[in-house]
Amino acid sequence: MRLFIKLAWRNLLRNRKRSIVTALGITLGIGFCITTLAIMDGLSHDLVTGTTAGQVGHLQIHQQDYLAKRQLQQTISHDTELLNVLRARKDISAVAARLYSFGYLSKNDKSVGVSLFGVEPQHERLVTTLAQQMVSGEFLSKPTPWPLSRTLTDAQLRLDEQLTAQAVAAAFAELDGLSSNTSSTQQHTNQLIDTLAPLPDVPPKVILGVKLARNLQANIGDVVTLLYETSMGAQQSLQLEVAGTSRQGTDLIDRTRIIFHLNDLQKLLQLPKQSHEIAIKTYDLTTVARTQNALTPVIAEHKQPLTVQTWSQLRPDILALIQSNQALMGTLVFIIFLIAGVGVMNAMLVSVMERKKELCLLKALGLKGSNVVWVVTIETLLLTLIASMAGLIMGITLGSYLQQYGWDISQFGEFSLAGVGMTTALKAKLTLDNLFTPVFVMFIIALLAALYPALSAAKLIPAQGMRSS
């Protein structure tokens, strides 16, 4: 074996220019493949992190069919008890309840449809990075003091029944094309609503999406008016104070979202101790499936039919995007290495043809055909080994730089993938897989590429080869 290695090394040095060019092609192929795979792994990591830490969390609990229908009344009732049970578990890092609704926000002569998002600020900070996405102002801290609701008197209950009957009659009159006066009915209805759910004396503080604030020309401290519908079906308006603006990375959310303190939105919608969603963060992404299985019997004990889903079940499009990116990169790596393999085969084939007389002489002196195969194969593997080490160093150097500093793409502006806001610097993520997979694949392709020249050399006939010019 030592003799074969010496022969292979001598043959590589015989035509240094060809060996250097072939090795350079392998080096660049491996180096750029490692860098590309590291960038794609970093992009996949950013997608998963942006999805889980951005808003979704690792797990979510909803009432069954809520995500399909998103009705205001499909809440998790008495969620305080369930939240306490979840927060006491050792396999869960943090838990946050959320509430959703829709409304119409206006300021002066500008108005726009908006989505209402209620959060627990102290717990949301532990589940997602929502508090870190502030552009101006400060994140929410304390809820707004709301007056206590009062029970209706007997007279007010009778008035409520009369108003209900009048509303039904007015609806039938409208269907029949008859005119009806509903102004007094609405006035009495509003008085009853103020008794059951009085509005606060000071406007609740909210966070607006940065583009929503820009469209309404609303600054910190400004007062805006929200028109909304309560869970009882009553339409009300409420003044809100802008406490800050946030950028969550997607155009739709930044144009429509208003963030409330959960307690304020519960009061506003008349949904006390209720939420639409419970977001959960585990200690490690790898334990998400195990935690989901452990929580299934826990939520089954709740009085309502609830479901617990992982982030990948909630956002299967993200998982599909990552898998398609990996498939695309795998195809690209294969094509690059296939080209490099053709170059190796061509170099070895030319080398065999140049040494045709020498190989025939060795065979005439007793060198077996299998040994000739070994000589050519070792020569190929030795060249690949040297080039692979250089390519590995190149890939680690480029990957480490991009892992620390990233590739600045801010000149292309803000962008998102599958609704997930991405950073303006693509960062790589070096792993053992993206370091050694290209090297392993290159060795396999180089070995296959060496078979044809090696077998061609083994089939040389000494007498014919030595007579040829």
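Just so it is clear, the model here is predicted, and its values are computed rather than measured.
- Taken from CG in Leu24 to OG in Ser19, the straight-line distance is 12.0 Å, to the nearest 0.5 Å.
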Quiz prompt | side chain to side chain contact (heavy atoms under 4.5 Å, CB included) assessment of Ser324 paired with Gln326 | solution = CA-CA 5 Å; Ser324 64; Gln326 291 174 343; over 6 Å; no
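- A pairwise comparison of heavy atoms in Leu216 and Lys107 identifies O-CD, 3.6 Å as the closest pair.
- Within 6.0 Å of CD in Glu138 there are 12 or fewer heavy atoms belonging to other residues, nucleotides or ligands.
- Nearest heavy-atom pair across Pro121 and Ser141 is CG-O, 4.1 Å.
- Counting heavy atoms from C-beta on, the side chains of Thr287 and Asp91 never come closer than 4.5 Å.
- The shortest side-chain heavy-atom distance between Leu314 and Thr51 does not fall under the 4.5 Å cut-off.
- The OG1 atom of Thr380 sits 13.5 Å away from atom CD1 of Ile445, with the distance rounded to the nearest 0.5 Å.
- With salt bridges taken as basic N to acidic carboxylate O contacts below 4.0 Å, none links Glu120 and Lys142.
- Ser231 contributes a side-chain N or O that, together with a main-chain N or O of Leu269, makes up a donor-acceptor pair within less than 3.5 Å.
- Taking 4.5 Å as the limit, some side-chain heavy atom of Leu140 sits within range of a side-chain heavy atom of Ile259.
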Quiz item: Between Trp146 and Asp264, does a side-chain hydrogen bond (donor to acceptor under 3.5 Å, both in side chains) hold up when you go through it step by step?
Solution: CA-CA 8 Å; Trp146 288 66; Asp264 289 340; 3.0 Å; yes
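- A pairwise comparison of heavy atoms in Leu126 and Ala94 identifies CB-CB, 3.5 Å as the closest pair.
- The salt bridge (charged side-chain N to carboxylate O under 4.0 Å, His left out) search around Arg70 returns none, not counting sequence neighbours.
- Remark: Glu124 pairs with Arg98, Thr128 by the side chain to side chain donor-acceptor pair (under 3.5 Å) rule, at least two apart or across chains.
- Put simply, the side chain of Gln74 gets close to the backbone of Gln71: a donor and an acceptor are under 3.5 Å apart.
- Annotation: the span from Thr36 atom OG1 to Asn434 atom CG amounts to 10.5 Å, rounded to 0.5 Å.
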Quiz item: Can you check side chain to side chain contact (heavy atoms under 4.5 Å, CB included) on Ile26 and Thr384, steps first, answer last?
Solution: CA-CA 7 Å; Ile26 298 174; Thr384 305; 4.3 Å; yes
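- For Asn84 (side chain) and Glu81 (main-chain N/O), no donor-acceptor pair under 3.5 Å exists by modelled atom type.
- Under the ring-ring contact (aromatic ring centres under 6.0 Å, His included) criterion, His276 pairs with Tyr66, not counting sequence neighbours.
- With hydrogens and angles disregarded, a donor-acceptor distance shorter than 3.5 Å links the side chain of Arg87 to the backbone of Val95.
- Residues passing the salt bridge (charged side-chain N to carboxylate O under 4.0 Å, His left out) test with Arg214: none are found, sequence neighbours excluded.
- With a 4.5 Å cut-off on side-chain heavy atoms, Asn263 and Thr144 do not count as touching.
- Of the residues listed (Thr22, Ile20, Ile378), the one engaging Leu383 in a side chain to side chain contact (heavy atoms under 4.5 Å, CB included) is Thr22, and it is the only one.
- Scanning all heavy atoms of the two residues, the minimum distance from Gln239 to Pro204 falls at O-CD, 3.4 Å.
- At a threshold of 4.5 Å between non-hydrogen side-chain atoms, the residues Asp317 and Leu321 do not count as touching.
- Looking at heavy atoms from C-beta onward, Thr437 lies out of side-chain contact with Leu432 at the 4.5 angstrom threshold.
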Exercise. Assess whether side chain to side chain contact (heavy atoms under 4.5 Å, CB included) is satisfied between Leu72 and Phe102, documenting all intermediate values.
Key: CA-CA 9 Å; Leu72 187 62; Phe102 299 94; over 6 Å; no
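- Of all non-hydrogen atoms in Thr35 and Gly31, the two that sit nearest each other are OG1-O, 2.9 Å.
- In summary, Lys427 and Asp46 do not engage in a salt bridge, as defined by a charged side-chain N under 4.0 Å from a carboxylate O.
- Proximity of the aromatic rings of Phe117 and Phe260 is defined here by a centroid distance below 6.0 angstrom, and this criterion is not met.
- One finds the CG atom of Leu295 at 6.0 Å from the CG atom of Leu86 (value rounded to the nearest 0.5 Å).
- At a cut-off of 3.5 Å, with distance as the only test, a side-chain donor of His62 or Gln60 sits close to an acceptor on the other residue.
- In this structure, His58 contributes its side chain and Val288 its backbone to no donor-acceptor pair below 3.5 Å.
- Asp284 pairs by the salt bridge (charged side-chain N to carboxylate O under 4.0 Å, His left out) definition with nothing, not counting sequence neighbours.
- Taking Tyr405 as the reference, Tyr401 meet the ring-ring contact (aromatic ring centres under 6.0 Å, His included) condition, with sequence neighbours excluded.
- Partner of Ile299 under the side chain to side chain contact (heavy atoms under 4.5 Å, CB included) criterion, out of Leu306, Ile278, Val85: Leu306 alone.
- Considering OG1 of Thr307 and CG of Asp65, their distance stands at 8.5 Å, rounded to 0.5 Å.
- For the pair Asp254/Leu212, no side-chain contact is recorded, criterion being any heavy-atom separation below 4.5 Å from C-beta on.
- Note: Gln63 CD to Ile76 CD1 = 8.0 Å, rounded to the nearest 0.5 Å.
- Proximity of Leu43 to Asp41: side-chain heavy atoms (C-beta onward) are nowhere separated by under 4.5 Å.
- Using a distance-only test at 3.5 Å, with no hydrogens or angles considered, no donor-acceptor pair links the side chain of Thr129 to the main chain of Gln132.
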Exercise. Please test Tyr104 against Val112 for side chain to side chain contact (heavy atoms under 4.5 Å, CB included), starting from the C-alpha separation and ending with a verdict.
Key: CA-CA 6 Å; Tyr104 209 65; Val112 65; 6.0 Å; no
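- Minimum heavy-atom separation, Ser388 to Val439: CB-CG1, 4.0 Å.
- In this structure, the side chain of Asp222 does not engage the main chain of Ala218 through any donor-acceptor pair within 3.5 Å.
- Side-chain N/O atoms of Ser136 and Thr245 include a donor and acceptor closer than 3.5 Å.
- Under a 3.5 Å cut-off, the side chain of Gln304 and the backbone N or O of Thr75 do form a donor-acceptor pair.
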